[in-house]
Q: 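For reference, the structure I am asking about is given below.
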Amino acid sequence: MNPSSLKSRFTTRFLRALTKINAHKPISSSSPGPGEIFQRYRRIKVAADKSMAYSVRSRRTWSRATLWRLRTRSPRSRLATHARRSWVKTRSTRAASHGKEKKEDGGTVEAEELRELVPGGEAMDLCNLLDETAHYIKCLTTQLDILDRQECTSREL
Amino acid sequence: MSSRRSRQSSASVSRISDDQIIELVSKLRQLLPEIRNRRSDKVSASKVLQETCNYIRSLHREVDDLSERLSRLLATIDADSAEAAIIRSLIM
C-alpha cells in the first residue's frame, strides 16, 4: 500500500465531506449551541472513519467491517445489525477454537482485547489479526495526521 | 501469504507457524512508539499485544479529540474562511 496515495485518497474524500458538513451551518452564525457542536463533531468523526474505510475499500477485513458498521448504523437497519451479529458469532466461535489451539505465551487473552479494538477482529484468526492490526494502525496515524493538518490551517485564520 | 496459510491449516490441526507469528509481531512492534526505542530482544509477544491495544485506544482518543476541536473551530469561522482552510490544507 503506497502511503502517499492512501493519504491523498483519504484527504480528498475527507475534505469533500468536510465541505458538505460546513455547508450545513446556519447562516445566522450566532454562537452555536452545544447540541450543534456535538452533531458536527459526530459528522466529522464519521466522515473521517468513512473516508479512511473507503480509501482502503474492501482490500482489508477491517475496512470492510467499518463500512458495514457505518452503513447499518441507521435505525432502519435493525435487521441488518441482527444478521451481522449472528454472522459474527459463528465466525468468532470458529476463530476462537483456532486461537485456543495455538497456545502461545498468553497471546490469547491480549488477542481477545485486540479483537475488540480492531473492526472485524472478532472473526479473524491470530495471523490475520496481527496483519490487519498493523495496517489499521498505519491508517489511523494517517487519519490523525490529516485531521491535525486541517486543524492547523483552520486555526491560522 | 494466503496460499501459505491454507496449506498449513490443511496440513495439521490449524497450527499457525511460529515464525509467521514472530514476524508479524515484530512488524507490529516497529509501529509502536514506546517499544521501538527499547532493545528489541527483551519484549514478549503478549507485551507487544498489550502495548498495541493501549496504542490503538490512545489513537482513537486522539481522533475523537481532534474531531471535537475541529468541530468547535469550524463553528466559529465563517463559511468562506472554512472553504479557504480546506482548500489550503489540500494544497499543503
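Lettering follows sequence order; numbering is per chain, from 1.
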Q: Tell me, out of B:Leu28, B:Thr52, B:Val25, who's got the most heavy-atom pairs with chain A below 4.5 Å.
A: B:Leu28
Q: Report yes if some heavy atom in the side chain of B:Leu74 is under 4.5 Å from a heavy atom in the side chain of A:Leu18; otherwise report no.
A: yes
Q: Please answer: with hydrophobic residues joined when any side-chain heavy atoms are less than 4.5 Å apart, are A:Leu140 and A:Met124 in the same cluster?
A: yes
Q: Measuring heavy-atom distances to chain A, does B:Leu59 have an atom under 4.5 Å in its side chain, in its backbone, in both, or in neither?
A: both
Q: Check for me, please, whether A:Leu6 and A:Tyr136 land in the same ILVMFWY cluster - side-chain distances under 4.5 Å, paths through other members count.
A: yes
Q: Report yes if the side chains of B:Arg69 and A:Arg155 come closer than 4.5 Å at any heavy-atom pair, otherwise no.
A: yes
Q: Of all the heavy-atom pairs spanning B:Ser67 and A:Lys45, show the shortest one and how long it is.
A: OG-CA, 3.9 Å
Q: Side chains of A:Tyr41 and B:Asp64: does their closest heavy-atom pair fall under 4.5 Å?
A: yes
Q: Can you hop from A:Ile146 to A:Leu144 via hydrophobic side chains spaced under 4.5 Å?
A: yes
Q: Specify the closest pair of heavy atoms between A:Ser154 and B:Leu70, including all atoms of both residues, with the distance to one decimal.
A: OG-CD2, 4.1 Å
Q: Supply the atom-to-atom distance A:Leu114 CG to B:Cys53 SG, rounded to the nearest 0.5 angstrom.
A: 4.5 Å
Q: Closest heavy-atom contact between B:Leu24 and A:Cys127?
A: CD1-O, 3.4 Å
Q: Nearest 0.5 angstrom please: B:His60 NE2 to A:Leu117 CG, how far?
A: 6.5 Å
Q: Looking at A:Glu151 and B:Arg72, is there a salt bridge between them, counting it only when a charged N and a carboxylate O are closer than 4.0 Å?
A: no
Q: Please check if A:Trp68 and A:Tyr54 belong to a single hydrophobic cluster, counting links between Ile, Leu, Val, Met, Phe, Trp and Tyr side chain heavy atoms closer than 4.5 Å.
A: no
Q: When heavy-atom pairs shorter than 4.5 Å are enumerated against chain B, which of A:Glu116, A:Gln143, A:Glu113 gives the highest number?
A: A:Glu113
Q: Please say whether more than 12 non-hydrogen atoms of neighbouring residues, nucleotides or ligands are located less than 6.0 Å from CZ in B:Arg57.
A: yes
Q: Do A:Phe14 and A:Leu67 share a hydrophobic cluster, counting only Ile, Leu, Val, Met, Phe, Trp and Tyr and linking them when any side-chain heavy atoms are less than 4.5 Å apart?
A: no
Q: With a 4.5 Å heavy-atom cut-off, do B:Tyr55 and A:Thr141 have their side chains touching?
A: yes
Q: Which bit of A:Phe38 comes within less than 4.5 Å of chain B, counting heavy atoms only: side chain, backbone, both or neither?
A: neither
Q: Is it the side chain or the backbone of A:Ala48 that comes within 4.5 Å of chain B heavy atoms, both, or neither?
A: neither
Q: Give me the atom names and distance for the closest heavy-atom approach of B:Leu66 to A:Asp148.
A: CD1-N, 3.7 Å
Q: Answer whether the closest heavy-atom distance between the side chains of B:Leu49 and A:Val109 falls below 4.5 Å.
A: no
Q: Is any side-chain heavy atom of A:Asp131 closer than 4.5 Å to a side-chain heavy atom of B:Lys27?
A: yes
